[in-house]
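Structure record follows, encoded as structure tokens.
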Amino acid sequence: MDKEVRVRFAPSPTGGLHIGGVRTILFNYLFAKQNNGKFILRIEDTDQSRFVQGAEEYILNCLEWCGLTPDEGQGFGGNFGPYRQSERKNIYIKYAQQLVAQGHAYYAFDTPVDLENKRNAIPNFQYNQATRLQMRNSMTIPHEAVQSLINEGAPHVIRIKMPENENVYFNDLIRGDVSFDTHQVDDKVLLKADGMPTYHLAVVVDDYLMKISHVFRGEEWLPSAPVHILLWKYLGWDNDMPKWAHLPLILKPDGKGKLSKRDGERLGFPVFALDWTDPKTQEKATGYKETGFLPQALNNLLALLGWNDSTEQEIFTMQELVDKFSLERVHKGGAKFDWDKAKWFNAEWIKKLSAEELLPYVKDVLANKNINAKDDYLKTIIDLVKERCVLLPDFYAQSHFFFTEPKTYDMDALKSKWSDEKGLFFNDLISQFNQINNWDGVDLENVFKELASAKAIKVGELMLPFRVMLVGGKFGPQVFLIAEIIGKQQTLARIAKALETIKL
RNA sequence: GGCCCGUUCGUCUAGGGGUUAGGACGUUAGAUUUUCAUUCUAGAAACAGGGGUUCGAUUCCCCUACGGGCUACCA
């Protein structure tokens, strides 16, 4: 009955993928999955001057890491290709010409220099119904002259001819009725001098040809919506027009405006999904992945930025998101990004996942520090330390002492607790521990406490020094558990070594 | 400037004509943890302003203010 749900994400491959883009992808993906529809990836590379080497592949990598895999599109196959607009160049021209023939568009011969002069001369110059009769276009140049200009190959564009006084309105799935007066909208270029379409033409033609049912895009596209709607009408595709949903923007945490790459650098958090290095400038921007986020956490936090399910639930699996997502519950206003809350989501996800699920990530983190260990050993440790990790790299800081002995000791922590008689205690502890054959945390604790009371030293006075000897500082899980896990030999060696170091 | 969109604790948000305006992050204070983290308890913290409509508006309408977006042969 209803037509098949087909949604698309249509990035232009010009640089790193912003989390705002990731959220748009996520909403597209959730909507498609919820409705048994298709999620399509289309590359909008109509601006050849902004082409960036590697950007398309990078986007694919981001999609893969986020787990938001397209069903169709560039790199994923499908029957509506090609999915790269630069490869569809010849498709658009005929539609632009059709619009001219119908009187809804016209040729314009003004050069970029002409336009720039115009803008300099007249503040807020707009190429629109008020000014187009003063310009060089097919409405001011005689028909024959236009023909010969075109035949001669004079550079020209095709502009939409905005109607005089119409009200263009549509129902936005998030905002409700939105309307524009065509009097206020300028004559946007549809086809550029190089024969490539602009976004405005390409998006309409491709959405039609690819049978897109819903368009989810950022709020920054709202002002150009009337151009697109008119194009759908003029091209005679009225009945197939997709439903529109303009998503609220992600704003800077401080100041004003939408979140940008620069804000990330300035405030110390990633803005891109994955690390990105601009091939031209070699400028680097860090990604969520490399900062130590779980993809589940990124998706979760982005979903909750502007959407909620009306309950107090905040942690959602992808399946829950697919089941519960609804456009009606997307907030209208922009949301300032909150880095603290973002980290909280990641910490929650680290706690939520099992050691088994965390294993590959932790292995990766440790491998970067040249630590390689057996899976079972790793899993034991992950369960012990995961609740004190916020970002994945924290696994190293919280667990390195399980793999290597401390190189330095927190002397400040030790000093206040140290005395000669405690040194003696630990000397004796070595020989007592040495006699234990069944190396078990509980037994160790008993032996430790008995020796302490025999020497009339408060256990509390000894715990911290013991901890520092084993891990180097005052952190980490239960200390006897650590002793148990690193084993008898390591425990004894570390006590002995620490004793020696402290003496100096 | 013009046009469009928006506005509940510092931040993300729930709510919706009559509520002690709820939750989360952060923050403060405690408890637990012989370290830290986790966990738990408690606290401070919001309906931008002005007009309507109404018996009653945070909720509906209008205006103002403020915020955001757009205003390219960029997307």
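Sequence lines set the chain letters: A, B, ... in the order given, protein chains first and strands last, and positions in each chain run from 1. Everything quoted here is computed from the prediction, not taken from an experiment.
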(request) Report the base-pairing partner of B:rU53 (Watson-Crick or G-U wobble, both distances below 3.5 angstrom), or none. (result) none
(message) Could you tell me how far apart A:Asp187 (CG) and B:rC73 (C1') are, to the nearest whole angstrom?
(response) 14 Å
(message) Can you identify which nucleotide, out of B:rG2, B:rC4, B:rA14, has its nearest atom closest to the A:Gln184 side chain?
(response) B:rG2
(message) Taking the minimum atom-to-atom distance to the side chain of A:Glu314, which one of B:rA72, B:rU38, B:rA24 wins?
(response) B:rA24
(message) Rounded to whole Å, please give me the gap between CZ in A:Phe337 and P in B:rU13.
(response) 12 Å
(request) Take atom C1' in B:rU11 and the same atom in B:rC74, then report the distance between them in whole Å. (result) 32 Å
(message) Atom CD of residue position A:Glu116 - does it have more than 12 heavy atoms of other residues, nucleotides or ligands inside 6.0 Å?
(response) no
(request) Could you work out which one of B:rC73, B:rU13, B:rA24 sits closest to the side chain of A:Lys341? (result) B:rA24
(message) Would you measure the distance from the P atom in B:rU28 across to the matching atom in B:rA44 and give it in whole Å?
(response) 16 Å
(request) Answer with base, sugar-phosphate or nothing: what part of the nucleic acid does A:Lys351 contact at a heavy-atom distance below 4.0 Å? (result) sugar-phosphate
(request) Select base, sugar-phosphate, or nothing to describe what A:Gly306 touches, counting heavy atoms under 4.0 Å on all strands. (result) sugar-phosphate
(request) Just call it for A:Ala335: base, sugar-phosphate, or nothing, with non-hydrogen atoms closer than 4.0 Å on any strand. (result) sugar-phosphate
(request) Choose from B:rC73, B:rG23, B:rG69 the nucleotide whose nearest atom is closest to any side-chain atom of A:Pro223. (result) B:rG69
(message) Please determine whether a side-chain nitrogen or oxygen atom of A:Lys386 lies at a distance below 4.0 Å from atom OP1 or OP2 of B:rU38.
(response) no
(request) Please report, rounded to the nearest Å, how far the P atom of B:rU33 is from the CE atom of A:Met463. (result) 12 Å
(request) Output the single nucleotide from B:rU38, B:rC73, B:rC74 whose closest atom is nearest the side chain of A:Glu387. (result) B:rU38
(request) Calculate the interatomic distance between A:His200 atom NE2 and B:rC73 atom C1'; express it in whole Å. (result) 11 Å
(message) Please pick, from B:rU71, B:rC70, B:rU34, the nucleotide with the shortest atom-to-atom distance to any side-chain atom of A:Glu220.
(response) B:rC70
(request) Choose from B:rG6, B:rC73, B:rU34 the nucleotide whose nearest atom is closest to any side-chain atom of A:Lys449. (result) B:rU34
(message) Centre-to-centre under 6.0 Å for A:Tyr199 and A:Trp221, is that the case here?
(response) yes
(request) Calculate the interatomic distance between A:Leu304 atom CG and B:rG23 atom P; express it in whole Å. (result) 17 Å
(message) So A:Val189, base contact, sugar-phosphate only, or nothing? Heavy-atom distance under 4.0 Å.
(response) sugar-phosphate
(request) Examine B:rA14: is either OP1 or OP2 under 4.0 Å from a nitrogen or oxygen in the side chain of A:His331? Give yes or no. (result) yes
(message) Less than 6.0 angstrom separating the ring centers of A:Tyr169 and A:Trp244, yes or no?
(response) no
(request) Choose from B:rC25, B:rC4, B:rC73 the nucleotide whose nearest atom is closest to any side-chain atom of A:Trp344. (result) B:rC25
(message) Does this structure show an ion pair linking A:Lys422 with A:Glu461, if we count only N-O contacts that are shorter than 4.0 Å?
(response) yes
(message) What contact category does A:Gly476 fall into here, base, sugar-phosphate, or nothing, at under 4.0 angstrom with non-hydrogen atoms?
(response) base
(request) For B:rU19 and B:rC12, measure between their C1' atoms and round to the nearest Å. (result) 22 Å
(request) Could you please name the option among B:rA14, B:rU71, B:rC5 that lies closest to any side-chain atom of A:Val178? (result) B:rC5
(request) Using a heavy-atom cut-off of under 4.0 Å over every strand shown, decide if A:Pro477 touches base, sugar-phosphate, or nothing. (result) base
(message) If I pick the C1' atom on B:rA42 and the same atom on B:rA48, what distance separates them, to the nearest angstrom?
(response) 31 Å
(request) Ignoring backbone atoms, test whether A:Lys258 places a side-chain nitrogen or oxygen under 4.0 Å from the OP1 or OP2 oxygen of B:rC70. (result) yes
(message) Using a heavy-atom cut-off of 4.0 Å across all strands, would you classify A:Arg467 as base, sugar-phosphate, or nothing?
(response) base
(request) Only pairs at least two apart or in different chains count here, so list each salt bridge (charged side-chain N to carboxylate O under 4.0 Å, His left out) that has a residue in residues 174-186 of chain A. (result) A:Arg175-A:Glu219, A:Asp186-A:Lys188
Let me check something: any side-chain donor-acceptor pairs from residues 9-19 of chain A under 3.5 Å, sequence neighbours excluded? List them with distances.
{"from": "A:Thr14", "atom 1": "OG1", "to": "A:Ser12", "atom 2": "O", "distance (Å)": "3.4"}
{"from": "A:His18", "atom 1": "ND1", "to": "A:Gly20", "atom 2": "N", "distance (Å)": "2.8"}
{"from": "A:His18", "atom 1": "NE2", "to": "A:Leu259", "atom 2": "O", "distance (Å)": "2.7"}

(request) Would you please confirm or rule out a distance under 4.0 Å between OP1 or OP2 of B:rA14 and any side-chain N or O of A:Asn308? (result) yes
(request) Please report, rounded to the nearest Å, how far the C1' atom of B:rC3 is from the CD atom of A:Glu219. (result) 13 Å
(message) Using Watson-Crick or G-U wobble geometry with both distances under 3.5 Å, which nucleotide pairs with B:rC25?
(response) B:rG10
(message) Tell me if the CZ atom of A:Arg262 is crowded by more than 12 foreign heavy atoms within 6.0 Å.
(response) no
(request) Name the nucleic acid region contacted by A:Lys252, choosing base, sugar-phosphate or nothing; use a 4.0 angstrom heavy-atom cut-off, strictly under. (result) nothing
(request) Tell me whether the OP1 or OP2 atom of B:rA75 has a side-chain N or O from A:Thr46 closer than 4.0 Å. (result) yes
(message) As a test of reading the structure: which of B:rG15, B:rU13, B:rC74 is closest to the side chain of A:Asp47, going by heavy atoms?
(response) B:rC74
(request) Report yes if at least one side-chain N or O of A:Arg159 is closer than 4.0 Å to OP1 or OP2 of B:rA72; otherwise report no. (result) no
(request) Look at A:Lys192 and B:rC74 and indicate whether a side-chain polar atom (N or O) is within less than 4.0 Å of OP1 or OP2. (result) yes
(message) So A:Glu461, base contact, sugar-phosphate only, or nothing? Heavy-atom distance under 4.0 Å.
(response) nothing
(request) Would you sort out whether A:Phe51 and A:Gln48 count as a side-chain contact (heavy atoms from CB on, under 4.5 Å), showing the intermediate values? (result) CA-CA 5 Å; A:Phe51 174 79; A:Gln48 294 164 327; 5.6 Å; no
(request) Would you mind pulling out the nucleotide paired to B:rA48, Watson-Crick or G-U wobble, both distances under 3.5 Å? (result) B:rU64
(message) I want to check one thing: is the phosphate of B:rC70, taken as OP1 and OP2, less than 4.0 Å away from some side-chain N or O of A:Arg217?
(response) no
(message) Considering every strand and a 4.0 Å limit on heavy-atom distances, what is the contact class for A:Asp194: base, sugar-phosphate, or nothing?
(response) nothing
(request) Any strand is fair game: report the nucleotide pairing with B:rG1 by Watson-Crick or G-U wobble, both distances under 3.5 Å, or none. (result) B:rU71
(message) I need the CG-P distance between A:Asp338 and B:rG23, as an integer number of Å.
(response) 18 Å
(request) Write down the distance separating the C1' atoms in B:rG10 and B:rA45, rounded off to the nearest Å. (result) 9 Å
(message) So for A:Arg388 and B:rU38, does any side-chain atom that can act as donor or acceptor lie under 3.5 Å from a complementary atom in the base?
(response) no
(request) Tell me what A:Gly473 touches on the nucleic acid: a base, only sugar-phosphate, or nothing, going by heavy atoms under 4.0 Å. (result) nothing
(message) Between the side chains of A:Arg8 and A:Asp207, is the shortest nitrogen-to-carboxylate-oxygen separation below 4.0 Å, so that they form an ion pair?
(response) yes
(message) Can you check the distance between B:rG1 and B:rG18, where both ends of the measurement are the C1' atom (answer in whole Å)?
(response) 45 Å
(message) Without decimals, in angstroms, what is the distance between A:Asp114 CG and B:rC73 C1'?
(response) 12 Å
